[in-house]
Colleague: 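Sharing a structure, written as structure tokens. Questions coming.
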Amino acid sequence: MDFNSDNAAGVHPAVLEAVAAVSGAHPRGYDADDWSARLDGAFSTLFGTPVRAFAVPSGTAANALGLAACVPTYGGVWCHNEAHIEVDEAGAVGFYTAGATLMLVPSPNGKLTVEALDAAAARRRGDVHQVQPAALSLTQATEAGTVYTPDEVANLSGWAKARGLAVQMDGARFANAVAHLGCSPADVTWKAGVDILSFGCIKNGGMSAEALLFFRPDLAESLPVRRKRAGLMPSKGRFAAAQLLAMIEGGVWLENARASNGAAQTIAAAVPDRLLVPVQANELFLRLTPAERDTLRAQGFSFYDWELSGPDAARFVVRWDQEPQVIAALAAALRAL
């Protein structure tokens, strides 16, 4: 009955089996094992282009290290004013870049637009007295549960590239976005101009490993040292690599995302008049009064009040492993309000 976050989801059996399979003694640690050596090739196959892949222990680490690789200490990162790197990562980008600034842009439904970026850029002088932009960060799916199409990503990337900026994508729920779009993962990343991707697994059935991917190998040159210096390089790298390989080589990443997306659609169909934004991934933002929220919580449902979307907003996140009867129970409870 817990709809607070997909971070509460269980670990997929394939991931657990993969970890158990590599738990014996091996002669090499860090990234020198056979499983870590397979990461570049496995992700290159998934995306259809050469990829440098690094295992890290969290999405925050993936985002912050990825941006540190392309943003100088005096630089700035354009991002949505509700982006996860702004509202939920405790200043990690500034910490790992040793001083870079997030340049916040408001825009409806969690999605940046070229028009919103143009308006924000027009308010700047752009001289030596101001932060110098170095990157654009996109969240896919967004913090509002909405999804950028390949064309939208391409337009935003084009805006950034015209200004000499790198493009980083926070893909904590990237699988949910791809499942919604029905496209290949390449279509909404490197083919659309994305240079760096935080490929989320933990919310989607993983255990303790995320993947930081570079579609531009030149940007990855400093990453091995940055990751080590930051204390984010696993000493028994085979366990992290085995998790990632289990997620992508057997298609678990997409299967799980389809399950959580589908369940979210079941709930959305029960109360379409309460939706604050379209449901495109595994998150629902609903209009609920305080009394209605109390009613649901008294029945055992847990979820977050979501002040970012207004005083009557609540957020429900559906997990990949949520049981169908729980989904049906929430849909029925919402209909009964």
Side-chain angles (χ1 to χ4, degrees), residues 3-9 59-60 63 77-89 93 102-117 119-120 136-153 155-157 167-183 188-189 192 194 197-198 200 203-204 257 260-288 293 303-320 330 334:
F3 291 87
N4 283 312
S5 173
D6 38 9
N7 284 314
T60 297
N63 287 331
V77 180
W78 290 111
C79 66
H80 195 278
N81 67 319
E82 295 178 12
H84 201 267
I85 58 174
E86 162 63 13
V87 301
D88 275 308
E89 293 191 349
V93 172
L102 299 182
M103 305 169 66
L104 309 181
V105 181
S107 191
N109 295 340
K111 295 172 72 171
L112 289 173
T113 64
V114 168
E115 292 75 18
L117 287 165
L136 170 69
S137 179
L138 305 174
T139 308
Q140 178 78 312
T142 74
E143 290 300 288
T146 51
V147 171
Y148 290 103
T149 67
D151 285 345
E152 288 172 330
V153 174
N155 288 338
L156 290 163
S157 295
V167 179
Q168 181 263 357
M169 179 173 281
D170 174 356
R173 295 186 177 96
F174 179 75
N176 299 95
V178 172
H180 168 75
L181 293 168
C183 66
V188 75
T189 53
V194 174
L197 172 67
S198 171
K203 287 179 168 64
N204 194 36
S260 55
N261 283 12
Q265 289 297 329
T266 297
I267 299 167
V271 284
D273 56 320
R274 291 185 179 271
L275 299 177
L276 293 168
V277 292
V279 178
Q280 298 180 332
N282 65 321
E283 296 177 281
L284 302 100
F285 294 83
L286 303 179
R287 186 179 295 104
L288 295 170
R293 283 177 249 168
F303 51 90
Y304 281 131
D305 297 335
W306 206 252
E307 296 83 357
L308 287 172
S309 298
D312 284 341
R315 187 190 79 164
F316 295 76
V317 184
V318 183
R319 306 192 307 268
W320 71 271
L330 177 59
L334 287 167

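These figures come from a predicted structure and were not determined experimentally.
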Colleague: Could you tell me if the side chain of Leu275 sits less than 4.5 Å from the side chain of Phe285, heavy atoms only?
Modeller: no
Colleague: What distance do Ser157 atom OG and Glu152 atom CD have between them, rounded to the nearest 0.5 Å?
Modeller: 11.5 Å
Colleague: Would Leu112 and Leu136 count as a side-chain contact (heavy atoms from CB on, under 4.5 Å) if you check the C-alpha gap in whole Å, the side-chain angles of each, and the deciding distance to 0.1 Å?
Modeller: CA-CA 10 Å; Leu112 289 173; Leu136 170 69; 3.8 Å; yes
Colleague: Provide the closest heavy-atom pair for Asn81 versus Ser107 in the form atom of the first, atom of the second, distance.
Modeller: OD1-N, 4.2 Å
Colleague: Is Val178 close to Asn176 at the side-chain level, that is, under 4.5 Å between some pair of heavy atoms?
Modeller: no
Colleague: Is the closest side-chain donor-acceptor distance between Glu143 and His80 under 3.5 Å?
Modeller: no
Colleague: Does the side chain of Leu104 come within less than 4.5 Å of Glu86's, by heavy atoms?
Modeller: yes
Colleague: Please collect all salt bridge (Lys or Arg N to Asp or Glu O under 4.0 Å) contacts where either partner lies in residues 270-281, sequence neighbours excluded, each pair once.
Modeller: Arg274-Glu292
Colleague: Mind checking the CG-OG1 spacing from Asn155 to Thr149? Nearest 0.5 Å is all I need.
Modeller: 8.0 Å
Colleague: Say you draw a straight line from OH of Tyr304 to CG of Asn4; how long is it, rounded to the nearest 0.5 Å?
Modeller: 4.5 Å
Colleague: Give me the atom names and distance for the closest heavy-atom approach of Val194 to Val188.
Modeller: CG2-O, 4.0 Å
Colleague: Do the non-hydrogen side-chain atoms of Leu286 and Leu276 ever get within less than 4.5 Å of each other?
Modeller: no
Colleague: Mark yes or no for whether Ser5, through its side chain, and Ala8, through its backbone, hold a donor-acceptor pair below 3.5 Å.
Modeller: no
Colleague: One pair to check against side-chain contact (heavy atoms from CB on, under 4.5 Å): Glu283 and Val277. What are the steps and the verdict?
Modeller: CA-CA 10 Å; Glu283 296 177 281; Val277 292; over 6 Å; no
Colleague: Donor-acceptor check, side chain of Thr146 to backbone of Thr142, threshold 3.5 angstrom: yes or no?
Modeller: no
Colleague: Checking Gln140 against Asp170: is there a side-chain donor and acceptor pair closer than 3.5 Å?
Modeller: no
Colleague: Ignoring hydrogens, what is the shortest heavy-atom contact between Ala141 and Ala177? Give both atom names and the distance.
Modeller: N-CB, 4.1 Å
Colleague: Write down the atom of Trp320, the atom of Asn204, and the distance for their closest heavy-atom approach.
Modeller: CD1-C, 3.8 Å
Colleague: So do the side chains of Val317 and Phe3 get within less than 4.5 Å of each other, counting heavy atoms only?
Modeller: no
Colleague: So, do Val153 and Met169 sit near enough that their side-chain heavy atoms are less than 4.5 Å apart?
Modeller: yes
Colleague: Do Asn63 and Gln168 have side-chain N/O donor and acceptor atoms under 3.5 Å apart?
Modeller: yes
Colleague: For a 4.5 angstrom cut-off between non-hydrogen side-chain atoms, does Trp78 reach Leu102?
Modeller: no
Colleague: If you round to the nearest 0.5 Å, how far is CG of Asn261 from NE2 of His180?
Modeller: 8.0 Å
Colleague: Of all heavy-atom pairs between Leu284 and Ala264, which one has the smallest distance, and what is that distance?
Modeller: CD2-O, 3.5 Å
Colleague: Please tell me if the side chains of Val279 and Ile267 come closer than 4.5 Å, counting only heavy atoms from C-beta onward.
Modeller: no
Colleague: Whether the side chain of Asp305 engages the backbone of Ala314 through a donor-acceptor N/O pair (distance < 3.5 Å, no angle test) should be reported.
Modeller: no
Colleague: Test of understanding: with ring-ring contact (aromatic ring centres under 6.0 Å, His included), list the residues that count as partners of Phe316, not counting sequence neighbours.
Modeller: Phe303
Colleague: Asp6 and salt bridge (charged side-chain N to carboxylate O under 4.0 Å, His left out): which single residue from Arg315, Arg173, Arg319 fits?
Modeller: Arg173
Colleague: So which atom in Val147 and which in Lys111 form the shortest heavy-atom distance, rounded to 0.1 Å?
Modeller: O-NZ, 3.0 Å
Colleague: Nearest 0.5 Å, please: how far is OG1 in Thr139 from CD in Glu82?
Modeller: 10.5 Å
Colleague: Rounded to the nearest 0.5 Å, what separates atom CE in Met103 from atom SG in Cys79?
Modeller: 9.5 Å
